[in-house]
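Just so it is clear: chains get the letters A, B, ... in the order the sequence lines come, proteins before strands, and each one is counted from 1. Being a predicted model, the structure only gives us computed values, none of them experimental.
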Protein chains: 2
Amino acid sequence: MSQVTVKDVARLAGVSPRTVSNVVNDYTHVSDDVRRRVLAAIDELGYRPNLVARNLRTGRTGLLALIVPEIDVPYFSELARAVIDAASAHGYRVMIDQTGHDHERERQLLTGSDRTMLFDGILFSPLVTQDEIADLDSSTILPTILLGEHTFTGRFDHIAIDNTRAAFDATTHLAATGRRRIAAVGTQPRETYSTPRQRTAGYLRALDEAGLPHDDDLVVPAAQYHRRDGYDATRRLLALDAPPDAIFCYSDLLAMGAMRAVQDAGRRIPEDVAIIGIDDIEEGRFAIPSLSTVALDKDVIATRALEQLVRRIEEPSRPATQIVVPHTLIERDSTRAPATG
Amino acid sequence: MSQVTVKDVARLAGVSPRTVSNVVNDYTHVSDDVRRRVLAAIDELGYRPNLVARNLRTGRTGLLALIVPEIDVPYFSELARAVIDAASAHGYRVMIDQTGHDHERERQLLTGSDRTMLFDGILFSPLVTQDEIADLDSSTILPTILLGEHTFTGRFDHIAIDNTRAAFDATTHLAATGRRRIAAVGTQPRETYSTPRQRTAGYLRALDEAGLPHDDDLVVPAAQYHRRDGYDATRRLLALDAPPDAIFCYSDLLAMGAMRAVQDAGRRIPEDVAIIGIDDIEEGRFAIPSLSTVALDKDVIATRALEQLVRRIEEPSRPATQIVVPHTLIERDSTRAPATG
DNA sequence: TACATTCTTTGCCACGTTGCAAACGCGCTG
DNA sequence: CAGCGCGTTTGCAACGTGGCAAAGAATGTA
């Protein structure tokens, strides 16, 4: 456990500490002989560079922070996997923070008011905050990339999803299979959360274009996007005098709960009720029935996010950019057209 | 972005840098007047202590590494959530590395041969490595806690699960509901992986105690523990001349794939085939039918692991201990006794 | 008033590393 | 053989912080 330093290596190899550093950092002009001796000494002593010291000197830590609401929500764990892999390709490692849907905590994490100066950059996937972000002075915080929000303020780099369009596509798909009473699950009581707001907008527009009426009874909030919330919301929908024949859930996880609720109520999917989500989590592919969804390509999101972040770390003053990642409708068993139109 | 240091604060507050440090660290003997002035200066300049420098000085980083095979496997993402929360309670933050089932990478991560000296400790959940761990000299690496393995070598602190017993309980439960041909899914080609070996041992012992014969055809390997692996293994089982009437999967995720395969084959759960897993992931609670399982309490695992790790960080030379976390059989719909015994 | 005691504040230094630029050594050229 | 240039190695200093112990100020005691 005792720290072996460049000095120890230098002494053993019979060179200066500085030369050891040169070897470790692959400096060009090092003779083969010296390199061999130094490497042998490193090996013998089990020397490992102290990253903290190195980073104090260079100002880089090689660490990024990924901030998500909850890591055990499949969308975020799948995203985290992609992010960690993408970061690894750029030589970075990823620390994960959870906000637990807590506004104030999101803000703290983002401004670094507690987690100071230990990271080279931040990847932030805000579930809830929006206005707060706009208030922040982007020049005072670390290089930051926002993931998944759509409203672009010009202050932060942004890997966005076209939420409105995704919701529109999902709802239109349901209408195209002959559904007439299409419910939406996942609105939020707080108006400020932009993702659900955008999805609701897309849902309503799709109803308009399909010539279907709006029905407030069919638009149900979900406090968080857990299976349980989808389950509860769907039970409420099924208890209506005129229950829906299709449910568009604002996330796949909500949809998993919805599917369970429909089957618990003794109704069939998709014959009685069709269900579609957004995210394309692995779980939906193996669900019974398999879940139709709007796929967000997490690998593309992660790859683009890391390109942007690395670029911004190297050039902090560059103008903020926005990238919209395309999505794809994936039709599976949960929305197959029923035998009778 | 430019770094504000104690010196800047000291200059503005009209005190020495050292005094600023005293204020920041809540040193006892600081006059109220000075404290006020320093805090005001900190506020005005937006000073944030540089953790890298602090950590270089104190030798602590406040960072832990959590090493798992894949973060998007629900068991590990749920475990990660618990670990991050538990770490947070001790003032630590958690960096996550994925081994991707890669032996050599597990070894590298564990010995820190690349990730040098940046963490105060390691939480390591090895899916595969076992012998390698035994070879390591525990005194040369960071404080490390192993999660989930059972074989205790006395070299590392260990939060263990009684794998043998868990598998025994699961299999015995299937036998108790009248199943006669109980399959096991999840053995590994490589004999060295101890978790599957222990589970197989428990499975076989349960068969013995229930008076059921062993049948090699009913013991199926799964390369990794993904839904797809469970699906493929189960298809093979169902294609047997004498297919099983119950399947014990070595993880819930395997079981999710197994359930899908059974239903794709037009057979009913639990009437034709009962299925049980291990892990108690949230997904299984909402599956259709809901999945019986052996629950491993991830919060307890995480809490105990952090207690141990913090203790070891403070006292590196203390003897290694092992804690076995209890498990619980949870009966749900996937193993309800069929109407006819 | 002189001295002991306690409370505050400070200067110096080191943590382990790398940037900088100077120094060294060697072979080549004129 | 002097002089030059390139390849190689090195000493010094600094990144920003906190440990240490001593200096300085304030208070209490004889």
Give a yes/no on whether any side-chain N or O of [X] is located under 4.0 angstrom from OP1 or OP2 of [N].
| X | N | answer |
| --- | --- | --- |
| A/Tyr47 | C/dT17 | yes |
| B/Arg54 | D/dG18 | yes |
| A/Ser31 | D/dT9 | yes |
| A/Asn25 | C/dT18 | yes |

Hey, is the main chain of A/Ile145 close enough, under 3.5 Å, to the side chain of A/Gln308 for a donor-acceptor pair? no
So, does B/Asp43 use its side chain to make a donor-acceptor pair with the main chain of B/Leu39 at under 3.5 Å? no
Can you check the [X] [atom1] to [N] [atom2] distance for me, whole Å?
| X | N | atom1 | atom2 | answer |
| --- | --- | --- | --- | --- |
| B/Leu118 | C/dG16 | CG | C1' | 14 Å |
| B/Asp33 | C/dT8 | CG | P | 12 Å |
| A/Arg60 | D/dC15 | CZ | C1' | 15 Å |
| B/Arg57 | C/dT17 | CZ | P | 15 Å |
| B/Leu56 | C/dT17 | CG | C1' | 8 Å |
| B/Asp26 | D/dG18 | CG | P | 11 Å |
| A/Arg48 | C/dC15 | CZ | C1' | 20 Å |
| B/Ile42 | D/dG16 | CD1 | C1' | 14 Å |

Options D/dG16, D/dT8, C/dT17, nucleotide nearest the side-chain atoms of B/Asn50: D/dG16
Per atom distances to the A/Val34 side chain, the nearest of C/dT17, D/dT17, D/dT9 is D/dT9
Determine whether B/Phe76 and B/Gln98 satisfy the following criterion, side chain to side chain contact (heavy atoms under 4.5 Å, CB included), listing intermediate values before the conclusion. CA-CA 10 Å; B/Phe76 292 116; B/Gln98 305 184 96; over 6 Å; no
Test log, rule side chain to side chain contact (heavy atoms under 4.5 Å, CB included), inputs A/Asp157 and A/Leu309: CA-CA 8 Å; A/Asp157 292 307; A/Leu309 186 51; over 6 Å; no
Please lay out, stage by stage, how B/Asp32 and B/Arg36 fare under the test salt bridge (Lys or Arg N to Asp or Glu O under 4.0 Å). CA-CA 6 Å; B/Asp32 287 350; B/Arg36 248 191 311 274; 5.4 Å; no
Please list residues of residues 15-22 of chain B whose heavy atoms come under 4.0 Å from any atom in DNA chain C, ordered by number; otherwise none. B/Val15, B/Ser16, B/Arg18, B/Thr19, B/Asn22
Looking only at heavy atoms, which two atoms of B/Ile67 and B/Ile122 are closest? And how far apart? CD1-CG2, 3.7 Å
Are A/Glu78 and A/Arg81 within salt-bridge range, i.e. N to O under 4.0 Å? no
